[in-house]
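All ligand and atom numbering here is 1-based and tracks the order in the structure.
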Amino acid sequence: MGQVAALSLSRLSARCWQRLLWPGPARIPGGLAARSLSSMATSIRFSPAARSLFDEPLGIAVQGLGPRQQVTLRASLRDEAGELFEAHGRYQAADDGELDLARCPALPGGSFSGLEPMGLLWALQPRKPFWRLVKKDVQTPFRLQLEVLEGHGDPPGQLLAQAEHERLFLRDGVRRVPVREGRIRATLFLPPGNGPFPGIIDLYGTGGGLPEYRACLLANYGFAVLALAFYGYEDLPKEMKEFHLEYFEEAINYMLKHTQVKGPGVGLLGFSKGGDLCLSMASFLKGITATAVINGSVANVGAVLRYKDITIPPLGADAKRIKINKSGIADIVDVLNNPLEGPNRRSFIPLEKAECRFLFIVGQDDHNWKSEFFAVEGSKHLQAHGKEKPEIVCYPGAGHYIEPPFFPMCAASMHLLVGKPVMWGGEPKAHSEAQRDAWQQIQAFFHRHLNGKPSGTTNKL
Ligand SMILES: CCCCCCCCCCCCCCCC(=O)SCCNC(=O)CCNC(=O)[C@H](O)C(C)(C)COP(=O)(O)OP(=O)(O)OC[C@H]1O[C@@H](n2cnc3c(N)ncnc32)[C@H](O)[C@@H]1OP(=O)(O)O
């Protein structure tokens, strides 16, 4: 276990300390960026001590409490927009005054309850409504603050200990390489060493920008991962009006030409709108060995898709099917037409043309659209054309935003196509468990098909 990650200060009355402006973590020689406000006894122990990768479990323990002392642990972090995310757990120390979250269940009344060693992270929720935890600069960590407060009161009692821990996105030695080659607007993450490494192209969905955080976390596991922007970024089209697969073909060729990317083909990882783009890439473009889709659609959605003389229209939608849930938030799960019916079939992506293996990750409480229906119909379509059955992994209680592990679930946020906040679905605990398993399934899928390595997991469905 990690050593105490905090410098115990002289006995200060916590209340008087609270009146002091906490100067923030001291830069302690050796990089231990943590400071604990503590009485002589109480201290916080993180394991690893000072920093860990965002998708790694973190050991949290408190020492020096009284036997069965009741305390509240409060976690918080600020994102790069300065927005605050918080969670708290109510605990009772063991007879020896130790509190180890790996062994001690959270009591009712906090942000979570039960034996949840990572509850203080996955249960973080923003103060700002409809706000999602995203990491824009993957070269800097999130700084997790942890406080130990006396009792279970509200407001909580005196501050007994405080410490900070850095949650990183880049493992030592992983290289971040901006890519501005031809029309490509992307960032390539390369593991340490010369490779060549199995290559993956990572696409997010509607929202524009260039989210890098899933790509870099995946590169930490030995993949060369290209986070690819496709609209709403630099000189790319500003709006989601139409996409040309030739742009994505350039990205595939860039990867296959790269000396540190192992051929003969690359993997594709797409989420939401990025998912149907990956399915279209797999269906029309060469050089793709494995395609994993997280809550994607098997029909082209949201924009016209073109490739050479081919055009796939976006699946129709009917705003009249937008429901308003009891919290007054839009529920668009039924908005899209059925891609099996009538003219909507023109939007169904011809998956049978693909020469790759497929993995569908499904949140069964996805409220952006019917992800399980899409995965099952995609599987039927492939098998009807004599193709391999895809892997489908379904997660009960998981919503739309299945992110890397320990990202707090986003229940609702602005849908830039719908123009208003929508509910994404999911129940936080189930969603968090889904994120952890899906992350393993995705890595095993790509190792199996890009590396020929045996996988460590089996199909859940
Ligand atoms: C009524 C008629 C309906 C009819 C019917 C419709 C059709 C219906 C059919 C469905 C057809 C397609 C369905 C697609 C399905 C998906 O794709 S659902 C969406 C999936 N989302 C993703 O994959 C995330 C994609 N990426 C992103 O969101 C952005 O890259 C990031 C990560 C937010 C950063 O982007 P950025 O451009 O660097 O960010 P920035 O410029 O700061 O912000 C842009 C906007 O994003 C939002 N945003 C930014 N940061 C955050 C944050 N942390 N938290 C929350 N929001 C944020 C804000 O809204 C912001 O706008 P402003 O408030 O500034 O005006």
Side-chain angles (χ1 to χ4, degrees), residues 77-85 124-138 142 185-187 202-215 227-234 236-243 269-279 293-305 313-324 329-339 344 347 363 366-371 374 399-404 407-425:
L77 67 80
R78 285 191 184 278
D79 69 8
E80 290 136 318
E83 296 300 336
L84 186 65
F85 288 76
L124 285 167
Q125 281 300 300
R127 281 225 177 131
K128 179 179 181 177
F130 310 127
W131 201 248
R132 197 169 99 244
L133 186 65
V134 296
K135 194 69 177 77
K136 290 194 178 178
D137 177 1
V138 297
F142 276 135
R185 300 295 174 261
T187 305
D202 180 278
L203 276 76
Y204 263 90
T206 304
L210 176 48
E212 296 179 351
Y213 55 93
R214 184 175 57 217
L228 180 66
F230 49 92
Y231 89 100
Y233 185 71
E234 294 184 357
L236 291 172
K238 294 291 173 254
E239 303 294 330
M240 241 177 67
K241 289 274 182 280
E242 66 176 37
F243 294 123
L269 175 58
F271 163 60
S272 198
K273 173 61 197 171
D276 65 83
L277 283 170
C278 286
L279 294 178
V293 171
I294 304 170
N295 284 335
S297 159
V298 290
N300 175 52
V301 293
V304 172
L305 186 85
L315 185 60
D318 181 352
K320 289 196 291 297
R321 289 197 294 261
I322 294 179
K323 296 172 288 193
I324 303 298
I329 299 171
D331 181 348
I332 64 168
V333 71
D334 295 323
V335 156
L336 287 173
N337 296 346
N338 183 335
N344 301 304
S347 301
D366 184 351
H367 274 256
N368 180 68
W369 50 33
K370 300 184 175 88
S371 290
F374 286 144
H400 189 60
Y401 265 100
I402 294 179
E403 291 273 42
F407 269 88
M409 187 191 89
C410 177
S413 67
M414 180 60 75
H415 191 305
L416 297 181
L417 260 194
V418 178
K420 59 177 78 170
V422 302
M423 64 177 288
W424 300 113

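Distance check for atom 25 (C) of ligand 1: a protein heavy atom is found below 4.0 Å. In this structure, atom 40 (P) of ligand 1 has protein heavy atoms in its sub-4.0 angstrom surroundings. Protein heavy atoms are found less than 4.0 angstrom from atom 15 (C) of ligand 1. Per-atom contact check: atom 44 (C) of ligand 1 does not touch the protein, criterion being a heavy-atom distance below 4.0 Å. Distance check for atom 65 (O) of ligand 1: every protein heavy atom is found at 4.0 Å or beyond.
Of the protein's heavy atoms, R132 N, 2.9 Å lies nearest to atom 54 (N) of ligand 1. Among protein heavy atoms, atom 13 (C) of ligand 1 sits closest to W369 CZ3, 3.6 Å. Nearest protein neighbour of atom 21 (N) of ligand 1, counting heavy atoms only, is Y401 OH, 2.7 Å. The closest protein non-hydrogen atom to atom 2 (C) of ligand 1 is A319 CB, 4.2 Å. Nearest protein heavy-atom contact of atom 7 (C) of ligand 1 is A317 CB, 4.4 Å. Protein heavy atom at the shortest distance from atom 50 (N) of ligand 1 is W131 CH2, 3.7 Å. Remark: minimum distance from atom 42 (O) of ligand 1 to any protein heavy atom is reached at K136 NZ, 2.7 Å. Protein heavy atom at the shortest distance from atom 18 (S) of ligand 1 is S272 OG, 3.2 Å.
Put simply, the side chain of L203 reaches to within 4.5 Å of the side chain of C278, judged on heavy atoms.
Y213 places no side-chain N or O within donor-acceptor distance of the main-chain N or O of K135, the cut-off being under 3.5 Å. Side chain of D276 to backbone of L279: no donor-acceptor contact under 3.5 angstrom is found. Not one N or O on the side chain of K241 forms a donor-acceptor pair closer than 3.5 Å with the backbone of P237. N295 contributes a side-chain N or O that, together with a main-chain N or O of G363, makes up a donor-acceptor pair within less than 3.5 Å. S347 places no side-chain N or O within donor-acceptor distance of the main-chain N or O of P339, the cut-off being under 3.5 Å. Counting only distance, with no hydrogens or angles, the side chain of N344 and the backbone of N337 share no donor-acceptor pair below 3.5 Å. A donor-acceptor contact shorter than 3.5 Å is absent between the side chain of E403 and the backbone of L133.
With a heavy-atom cut-off of 4.0 Å, W424 touches ligand 1 through its side chain alone. Looking at L133 against ligand 1, nothing comes within 4.0 Å, counting heavy atoms. Using a 4.0 Å cut-off between heavy atoms, V335 contacts ligand 1 through its side chain alone, with no backbone atom that close. At a 4.0 Å heavy-atom cut-off, ligand 1 touches F271 through the side chain alone. With a heavy-atom cut-off of 4.0 Å, L336 touches ligand 1 through its side chain alone. With a 4.0 Å cut-off on non-hydrogen atoms, D79 does not touch ligand 1 at all.
For the pair K273 and Y204, the cation does not sit on the ring face, since its NZ or CZ is not both under 6.0 Å from the ring centre and inside 45° of the axis.
With atom 46 (O) of ligand 1 as the reference point, the heavy atom nearest to it among L416, N295, I322 is part of L416. Of the listed residues (P129, G208, G209), the one carrying the non-hydrogen atom nearest atom 27 (C) of ligand 1 is G208.
Below 30°, between 30° and 60°, or above 60°: for W424 and H400 the angle between ring planes is below 30°, a parallel geometry.
Of all atoms in ligand 1, listed by their number and element, those nearer than 4.0 Å to a heavy atom of P211 are 26 (N), 30 (O). If you number the atoms of ligand 1 from 1 as listed, the ones under 4.0 Å from a heavy atom of V418 come out as 1 (C), 6 (C). Atoms of ligand 1 found under 4.0 Å from any heavy atom of L417, numbered from 1 in the order shown, are 11 (C), 12 (C). Set against the non-hydrogen atoms of F130, the atoms of ligand 1 under 4.0 Å away are 55 (C).
Annotation: K273 places an N or O atom under 3.5 Å from an N or O atom of ligand 1; distance criterion only.
At a 4.0 Å cut-off, not a single heavy atom of I332 sits close enough to ligand 1 to count as contact.
Counting heavy-atom neighbours within 6.0 Å of E80 CD, excluding the residue itself, gives a total above 12. When the shell of 6.0 Å around NZ of K323 is examined, it contains more than 12 heavy atoms from other residues, nucleotides or ligands. Residue K320 qualifies as open at atom NZ: its count of foreign heavy atoms under 6.0 Å is 12 or below.
Contact check on E83 versus R127 returns no salt bridge, with no Lys/Arg side-chain nitrogen under 4.0 Å from an Asp/Glu carboxylate oxygen. Checked for salt-bridge contact, D334 and K370 meet the test: a charged N lies under 4.0 Å from a carboxylate O.
Ring centers of F407 and Y401: at least 6.0 Å apart, outside the cut-off.
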